[in-house]
Amino acid sequence: MSSNKIVVIDYGMGNLHSVASALEHVAPTAEVVISADPEVVRSADRVIFPGVGAIRDCVAAIRDTGVDAVVAEFIASGKPLLAICVGMQALLEHSEENQGVSCLGLLEGKVRFFGAKLHDATGLHLKVPHMGWNQVQQQSAHPLWQGIEQGSRFYFVHSFYVERESVSSHAIAASCDYSKEFVAALSKDNVFAVQFHPEKSHTAGLQLLRNFSEWDLNHNSVETI
Amino acid sequence: MALAKRIIPCLDVDNGRVVKGVQFVDIRDAGDPVEVARRYNEQGADEITFLDITATHEGRATTVHTVERMASEVFIPLTVGGGIRTVDDIRTMLNAGADKVGINSAAVTNPDFVRAASDRFGAQCIVVAIDAKKVSAPGELNRWEIFTHGGRNPTGIDAIAWAEKMALFGAGEILLTSMDRDGTKNGFDLDITRAISDCVDIPVIASGGVGNLQHLADGVIEGKADAVLAASIFHFGEYSVMEAKEYMAAQGIEMRL
């Protein structure tokens, strides 16, 4: 295999070592770099766009560091990009967190609050943040799901979710249920975005990262189940 | 289909070594926290909690290094507690690879620290640890207060009101330890666990007193905990984490198996 440089985009919002370590673990021959330098990102074969914390601060940091343009350019290049958690939310149009934040608008979708005093159908009190291991229902036969069983559990931690109705159904790569069905993964061309943390999701998460590190868009056959 | 309840093994670490003894028969170095965490990860632990009891300043550097090693080998969430007093302490641990930090005494001394930490790093990584002791006399209505310094120092603060306040200040999760039960192997204090879990909207981890697998199940079913934390029942190889999960699942609890 030719060079495989994976850049984890750093815009100063916390721990990127976990995702970098997980990539090094599953793709030992890849070159994993943490950077926000436009030149470094341009030279990447793949990019991870992470994010934690509050969306207002994340989007502000993305704009302040010029990462918005860097990410838009990388997506336009057609090379694979994986967005994680708040990174996914930041790519969308709007989030209702922090009294409403306009996001990057690079993908269609809106982010909403789970709400307080949630209950499931049996009356069980559902806590927010949605924190822990929940089942992910794959909605398309994407290369990133290869080797991952339908309904596998991934680790989530979030209070805001991507609303199903705000996204075209063919862009929904996976859904998850927590008081309502929400979007657990989105896919559009060379972009894949997940609400859960693959770098913290043990076997299934590592498999997804391995698939990403090998994702070859020239041999991509995405079908709808 | 639902969110799974979590089992969280807890390691007490002093100067980079696990204390309180971990005795797996087939582990190379039972004192190395990374080895122990890796073993629990293989057994299906849902998260790892690393409680740093290192007292010295020099020892803290060792802790950071241990967290770095653990985070680069164990790909499940990692919480680091013990001695977290400043925003810099939090940043250091998150940069080392921790996903969450546990704040205990510093929250009592300065509740606004929790608010500042949550604003800066997000609620998802702020676990407020509460050490509670029952202070009501037998026959009285149940009442618990929070204690600091390993249960030695009373604060006069009502535990339930404190949990609500911490949730309001931006805690993402509560780690609730019953000081009456800790180390007894008599099971969690289910009354306070349920009382706090009912009144806050954030997840509650039950801790203190686990002696057998039924205690873990009781913590979820009767205590309404979202996660259960235990140390000694796993450390001495009495039960593996997976045995515990299978036992709980057999009682109808949603688990990641």
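The chains referred to below are lettered A, B, ... by the order of the sequence lines, with proteins before strands, and numbering in each begins at 1.
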- prompt: With only heavy atoms counted, which part of B:Ala98 is less than 4.5 Å from chain A, the side chain, the backbone, both or neither?
  reply: backbone

- prompt: If you count the non-hydrogen atoms of other residues, nucleotides and ligands that lie under 6.0 Å from NZ in B:Lys224, is the total more than 12?
  reply: no

task: Counting only heavy atoms closer than 4.5 Å, note whether B:Asn41 contacts chain A via side chain, backbone, both or neither.
output: both

- prompt: Which one, A:His125, A:Met131, A:His25, leads in non-hydrogen pairs under 4.5 Å with chain B?
  reply: A:Met131

task: Side chain from CB out, backbone as N, CA, C, O: work out which of these in B:Ala4 comes under 4.5 Å of a heavy atom of chain A, or both, or neither.
output: both

statement: Under 4.5 Å to a heavy atom of chain A? For B:Arg6 that would be side chain

query: Quick one: of B:Gln124, B:Arg120, B:Glu68, who has the most non-hydrogen atom pairs under 4.5 Å with chain A?
result: B:Gln124

- line: Applying a strict 4.5 Å limit to non-hydrogen atoms, the region of B:Ser118 in contact with chain A is neither

statement: Interatomic distance, CZ@B:Phe75 vs CG@A:Leu209, rounded to 0.5 Å, equals 9.0 Å

- prompt: Can we say A:Lys200 and B:Asp99 salt-bridge, meaning some charged N sits less than 4.0 Å from an Asp/Glu carboxylate O?
  reply: yes

- prompt: More than 12 heavy atoms of other residues, nucleotides or ligands under 6.0 Å from CZ of B:Arg194: is that the case?
  reply: yes

query: Is there a side-chain contact between A:Gln135 and B:Arg256 (heavy atoms, below 4.5 Å)?
result: no

query: Taking the side chain as C-beta and beyond, is there a heavy-atom pair between A:Trp133 and B:Asp46 under 4.5 Å?
result: yes

task: Could you tell me which non-hydrogen atom of A:His130 sits nearest to which non-hydrogen atom of B:Leu3, and how far apart they are?
output: NE2-CD1, 3.7 Å

message: Looking at B:Gln251, I want to see if its CD is surrounded by more than 12 non-hydrogen atoms of other residues, nucleotides or ligands under 6.0 Å.
response: yes

- prompt: Quick one: does B:Asp201's side chain have a donor or acceptor within less than 3.5 Å of a partner on A:Lys127's backbone?
  reply: no

query: Hey, does A:Pro129 have a side-chain heavy atom less than 4.5 Å from the side chain of B:Ile202?
result: yes

